*Asks:* 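Pasting a structure here, questions to come.
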Amino acid sequence: MTTQVKAPAKSGAPQGTTAVVRTVADLRAHVAAWHGQGLRVGLVPTMGALHHGHLSLIDRLADHVDRVIVSIFVNPAQFGPNEDFSAYPRREAQDLAALETVGADLAYLPDVKVMYPQGFRTNIHVKGLSEGLEGDVRPGHFDGVATVVMKLLMQSQCDCAIFGEKDFQQFAVLRRLVIDLDLPVEIVAGPIIREPDGLAASSRNVYLNTEQRRIAGQLNLVLADLRRRAMAGEDLRVLEQEGEKALLAKGFDRVDYVRFCNAESLETAEDLAAPVQLLAVAVLGKTRLLDNVQIG
Ligand code: AMP
């Protein structure tokens, strides 16, 4: 499904006026001016290679704030040594053009030295939520995410920030971070935006060849079937095993996990008494595809 993206509803900024800053001082100067006018400021943290999932977050955030900042930073700290940091798509000119089209007010594009100056030593670890699922497959990943997001929130002094539910565990980690550290930032969730065949939009989908792209569209269908069967009362552990088998039979090369989890703690769910989320990662070649669906 393609989402129609409108300009930030309350920004008043005509389209085509996205300012670009690359330093904390310049970022804060814009935000201080807006706060001086009594405006509420929101942040959409991204790693760029923007797609309609990212743009939907800008649109949604505009309902909560007067000015929207989009940060683009491919954060080395959240990539493992054998992951795709250097291959990760970087498309600054295209991204800035997309931001102008949707009327984002400010683009913040720090480089690595701005985010991690010489002597940088701090690491933020959100216990428990950072372990298991993605945390097991990508050790240290959520420390990299929590640390960079903490920095972006502090640098921008934003009043509100939005994160996509596509990265469900990431959302849980960041929601906890903000609560635990009493950050005066409202956190908003953006629903998963999907391609016409149901594949969750992702910057990494460009890695898929034609055959892999066809198979990728099966992931959400398998999850929808598991959801239906869970709600009909089938055993969750058996469904996880069958889900894994079904994905391999559809042509996925590997399945990292298919797990029914408590939607808040992300602990393995034994039943559907409390809100449950089904989280899965299936792999095609080197591309890990994340998806999740609410049960109930
Ligand atoms: P990324 O650039 O992959 O770090 O993503 C930046 C933000 O966009 C994160 O909050 C993601 O959860 C969110 N996001 C990425 N893909 C989607 C999608 N398909 N639907 C909704 N949000 C998304």
Side-chain angles (χ1 to χ4, degrees), residues 1-5 42-62 64 68-80 83-85 87-92 94-96 98-99 102 104 107-110 115 129 133-134 138 141-142 144-153 156 158 160-178 185-208 213 216-217 219-220 223 277 279-281 287-294:
M1 181 183 63
T2 304
T3 302
Q4 292 299 314
V5 176
L43 176 70
V44 186
T46 81
M47 297 204 300
L50 301 179
H51 50 67
H52 54 298
H54 295 115
L55 301 183
S56 77
L57 299 182
I58 299 171
D59 189 40
R60 182 166 282 253
L61 187 60
H64 295 256
V68 172
I69 306 169
V70 178
S71 64
I72 298 178
F73 178 63
V74 184
N75 175 31
Q78 70 189 69
F79 289 78
E83 294 182 0
D84 57 342
F85 174 68
Y88 197 84
R90 289 164 173 84
R91 302 196 205 123
E92 185 176 311
Q94 268 172 269
D95 286 350
L96 291 176
L99 293 181
V102 297
Y108 174 47
L109 285 74
M115 296 306 284
L129 289 169
L133 306 164
E134 285 301 278
R138 307 182 70 188
H141 169 69
F142 288 118
V145 170
T147 305
V148 82
V149 168
M150 181 70 185
K151 280 185 69 88
L152 290 167
L153 298 179
S156 68
C158 62
C160 185
I162 188 164
F163 301 92
E165 286 176 344
K166 184 191 140 243
D167 300 284
F168 195 83
Q169 189 176 8
Q170 168 173 283
F171 186 85
V173 166
L174 296 174
R175 181 175 49 195
R176 195 70 244 170
L177 167 82
V178 166
V185 182
E186 182 193 354
I187 298 298
V188 176
I192 302 178
I193 301 301
R194 298 178 180 280
E195 304 297 347
D197 64 350
L199 174 65
S202 167
S203 305
R204 289 187 167 100
N205 291 349
V206 298
Y207 296 150
L208 301 172
R213 177 62 190 81
L219 174 56
N220 76 97
L223 296 193
Q277 201 82 13
L279 281 75
V281 171
T287 309
R288 301 178 68 247
L289 300 170
L290 283 72
D291 204 345
N292 67 84
V293 61
Q294 187 182 334

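Each residue takes its place number in the sequence, starting with 1. Counting starts at 1 for both ligands and their atoms, following the listed order. All values reported here derive from a predicted model rather than from experimental measurement.
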*Asks:* Check whether any side-chain N or O of Ser203 sits under 3.5 Å from a backbone N or O of Ala49 as a donor-acceptor pair, and report yes or no.
*Replies:*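 Indeed, once roles are kept as given, a pair shorter than 3.5 Å links the two residues.
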
*Asks:* If the threshold is 4.0 Å, N to carboxylate O, is there a salt bridge linking Glu134 and Arg288?
*Replies:*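 The answer is yes: the pair qualifies as a salt bridge.
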
*Asks:* For the residue pair Arg60 and Phe163, would you count it as a cation-pi contact if the rule is NZ or CZ under 6.0 angstrom from the ring centre and within 45 degrees of the ring axis?
*Replies:*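 No, cation not above the ring by the 6.0 Å, 45° rule.
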
*Asks:* Does this structure show an ion pair linking Arg194 with Asp291, if we count only N-O contacts that are shorter than 4.0 Å?
*Replies:*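 Salt bridge: yes.
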
*Asks:* Mind checking what residues have non-hydrogen atoms under 4.0 angstrom from ligand 1?
*Replies:*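 These residues qualify: Pro45, Thr46, Met47, His51, Gly53, His54, Leu57, Tyr88, Phe163, Gly164, Lys166, Asp167, Gln170, Pro191, Ile192, Ile193, Ala201.
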
*Asks:* Closer than 3.5 angstrom, by distance alone: can the side chain of Asn205 be matched with the main-chain N or O of Ala200 as a donor-acceptor pair?
*Replies:*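 It does hold such a pair.
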
*Asks:* Do side-chain atoms of Asn292 reach the backbone of Lys166 as a donor and acceptor pair under 3.5 angstrom?
*Replies:*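 Side chain of Asn292 to backbone of Lys166, a donor-acceptor pair under 3.5 Å: yes, one is there.
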
